[in-house]
Amino acid sequence: MHFKTSPVETYDFVSWEDLTRRTSESRQPLVIANVPLGPCLAKWEPHYLARAVGDRPVKVHVSSTPAMDFLAKNFLYKTMPFCEFVRRIGEDRHKEYFVSETELYYLRSVGSDRREVADLQVQFPEIAADFKVPGFIPTEDYFSSVLRVGSDGLRVWTHYDVMDNVLAQVHGRKKVYLFSPSDAPNLYLSGDKSRVVDLEEPDFERFPLLERTLRFECTLRPGDVLYIPALWFHNTICIGPSIGVNVFWKNLPHSMYDNSDVYGNKDLVPASKVYGSEISTFKINGV
Ligand SMILES: O=C(O)CCC(=O)C(=O)O
Ligand SMILES: [Fe+2]
């Protein structure tokens, strides 16, 4: 058994205007190569980040298996100094560890309390100026900028977000699988997350409807930016220690978004009025 696959369309960066046109016309995922992301492309690697940010504590995901599964909760959240976290990202085996000497780590930066949105300028002022927010995002619609750092092989579960998003790769590579929102009935969803975590060799016996899906795929290299339209499912795998930033923005009228949503993944206001609040309660601690 297998499913159909398709590469994500890829273009070389031309201009921000060109990107505005392409993303608003197609609303399909796109990879844009050679994007001018600023000095981060030359500077960011684990040692540089460790020196620049220092020992400020960060809350990270710690997983004994590469495939993190939000629904099965097969990982822990632990707080450690940022410099210690990026040092461990580069190790195959750890002298000090929480669950196993080969455990993997993942940072999805967050605000300093449950109401603060992730913003590179606020939580990582030492390095924020290195990263140029892609210039086609309307300033008034900008929502958050999220630092994403992960160990080699670390996989983030299949989910969707409710805002448009660009995922910029700065260091290392990242494999990304995507599915259209029209594949939702075939993805065994629980809220905004899929029970199917392994999309490389999925269990077709357990998830036979997967055969009906079309899996889009791409591998991001430093300087590549992936446009992930709102509601598209995505699943990511770090290839080598990986550093990137994603930026969410409000592509719809702002009154459509839930004001208490700091992750960009709560149902839109009209949807939660239809479904009721119990569905939205799935969505705390999302990515
Ligand atoms: O890059 C990752 O690790 C996850 C990215 C993601 O979920 C997003 O950009 O919305
Ligand atoms: Fe996401």
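Salt bridge status for Glu217 with Arg215: present, with a side-chain N to carboxylate O gap under 4.0 Å. Here Glu17 does not pair with Arg21 in a salt bridge; the nearest charged N to carboxylate O distance is not below 4.0 Å. Using a cut-off of 4.0 Å between Lys/Arg side-chain N and Asp/Glu carboxylate O, Lys73 and Asp69 are scored as not salt-bridged. Salt bridge absent: Arg87 and Glu96 never bring a charged side-chain N and a carboxylate O closer than 4.0 Å. In this structure, Asp198 pairs ionically with Arg155, as a charged nitrogen and a carboxylate oxygen lie closer than 4.0 Å.
Atom CG of residue Asn265 and atom CG of residue Asn165 lie 11.0 Å apart, to the nearest 0.5 angstrom. Here the straight-line distance linking atom OG of Ser182 with atom CZ of Phe233 works out to 9.0 Å at 0.5 Å rounding. With values rounded to the nearest 0.5 angstrom, Asp192 atom CG is found 7.5 Å from Asp161 atom CG. One finds the CD1 atom of Ile89 at 7.5 Å from the SG atom of Cys238 (value rounded to the nearest 0.5 Å). The distance from atom CE of Met163 to atom NZ of Lys266, rounded to the nearest 0.5 Å, is 11.0 Å. The CD atom of Gln123 sits 5.5 Å away from the OG atom of Ser109 when rounded to the nearest 0.5 Å.
Cluster annotation: Val117 is not connected to Val133 through the hydrophobic network of ILVMFWY side chains, with a link wherever side-chain heavy atoms come within less than 4.5 Å. Note on Val262: it does not cluster hydrophobically with Leu120, by side-chain heavy-atom contacts below 4.5 Å among ILVMFWY residues.
Pro46 has its side chain within reach of Ile243: a pair of non-hydrogen atoms, C-beta onward, lies under 4.5 Å apart. Between Met68 and Leu154 the shortest side-chain heavy-atom distance falls below 4.5 Å. Looking only at side-chain heavy atoms (C-beta outward), Tyr77 and Val60 stay at 4.5 Å or farther from each other. Side-chain atoms of Val122 and Glu116, non-hydrogen and from C-beta on, do get closer than 4.5 Å to each other. Within the 4.5 Å cutoff, the side chain of Phe3 has heavy atoms near those of the Phe204 side chain. Looking at Leu49 and Trp44, their side chains come closer than 4.5 Å, going by heavy atoms from C-beta outward. Side-chain contact between Arg206 and Tyr188 is absent, with no heavy-atom pair separated by less than 4.5 Å. Between Leu268 and Leu252 the shortest side-chain heavy-atom distance falls below 4.5 Å.
Taking Ile, Leu, Val, Met, Phe, Trp and Tyr as members and joining any whose side-chain heavy atoms lie under 4.5 Å apart, directly or through other members, the hydrophobic cluster of Leu178 also contains Val8, Val31, Leu167, Val176, Leu214, Phe216, Leu220, Leu226, Ile228, Trp232.
Geometric assessment of Arg22 against the ring of Tyr227 yields a negative cation-pi assignment under the 6.0 Å and 45° thresholds. A cation-pi contact, defined as under 6.0 Å to the ring centre and within 45° of the axis, is absent between Lys43 and Tyr48.
Of the residues listed (Val35, Val225, Ile32), the one engaging Val166 in a side chain to side chain contact (heavy atoms under 4.5 Å, CB included) is Val225, and it is the only one.
Scanning all heavy atoms of the two residues, the minimum distance from Pro222 to His171 falls at CG-CA, 4.2 Å. In plain terms, the two heavy atoms of Leu37 and Ala168 that are nearest each other are CD1-CB, 3.9 Å. Taking both residues in full, the closest heavy atoms of Phe131 and Val247 are given as CE2-CG2, 4.1 Å, listed atom of the first, atom of the second, then distance.
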Mind running salt bridge (charged side-chain N to carboxylate O under 4.0 Å, His left out) on Glu200 and Lys175 for me, showing each step along the way? CA-CA 11 Å; Glu200 241 146 22; Lys175 178 103 204 177; 5.7 Å; no
Take Tyr11 and Asp18 through the side chain to side chain donor-acceptor pair (under 3.5 Å) test and state the conclusion after the steps. CA-CA 10 Å; Tyr11 297 94; Asp18 171 66; over 6 Å; no
Decide yes or no on salt bridge (charged side-chain N to carboxylate O under 4.0 Å, His left out) for Lys95 and Glu101, but give the supporting numbers first. CA-CA 7 Å; Lys95 280 203 204 70; Glu101 61 177 358; over 6 Å; no
For side chain to side chain donor-acceptor pair (under 3.5 Å), just list the numbers for Arg108 and Tyr263, CA-CA rounded to whole Å, side-chain angles, deciding distance to a tenth of an Å, and then say yes or no. CA-CA 10 Å; Arg108 184 265 188 234; Tyr263 289 106; 5.9 Å; no
For Asp164 and Arg27, what are the C-alpha separation, side-chain angles and deciding distance, and is it a salt bridge (charged side-chain N to carboxylate O under 4.0 Å, His left out)? CA-CA 9 Å; Asp164 271 7; Arg27 298 206 52 79; 2.9 Å; yes
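More than 12 heavy atoms of other residues, nucleotides or ligands shown are found within 6.0 angstrom of CD on Glu140. Under a cut-off of 6.0 angstrom, the local environment of CG in Asp113 is crowded, with over 12 non-hydrogen atoms contributed by other residues, nucleotides or ligands. For His47, the NE2 atom sits in a loose shell: 12 or fewer heavy atoms of surrounding residues, nucleotides or ligands are nearer than 6.0 Å.
Ring geometry for Phe70 versus Phe75: interplanar angle of 30 to 60°, hence tilted.
In this structure, Phe143 has its ring center at least 6.0 angstrom away from the ring center of His254. You'll find the ring centres of Phe248 and Tyr142 outside the 6.0 Å limit. Taking the six-membered ring for Trp, His234 and Tyr160 have ring centres at least 6.0 Å apart.
A donor-acceptor contact closer than 3.5 angstrom is absent between the side chains of Thr213 and Asp183.
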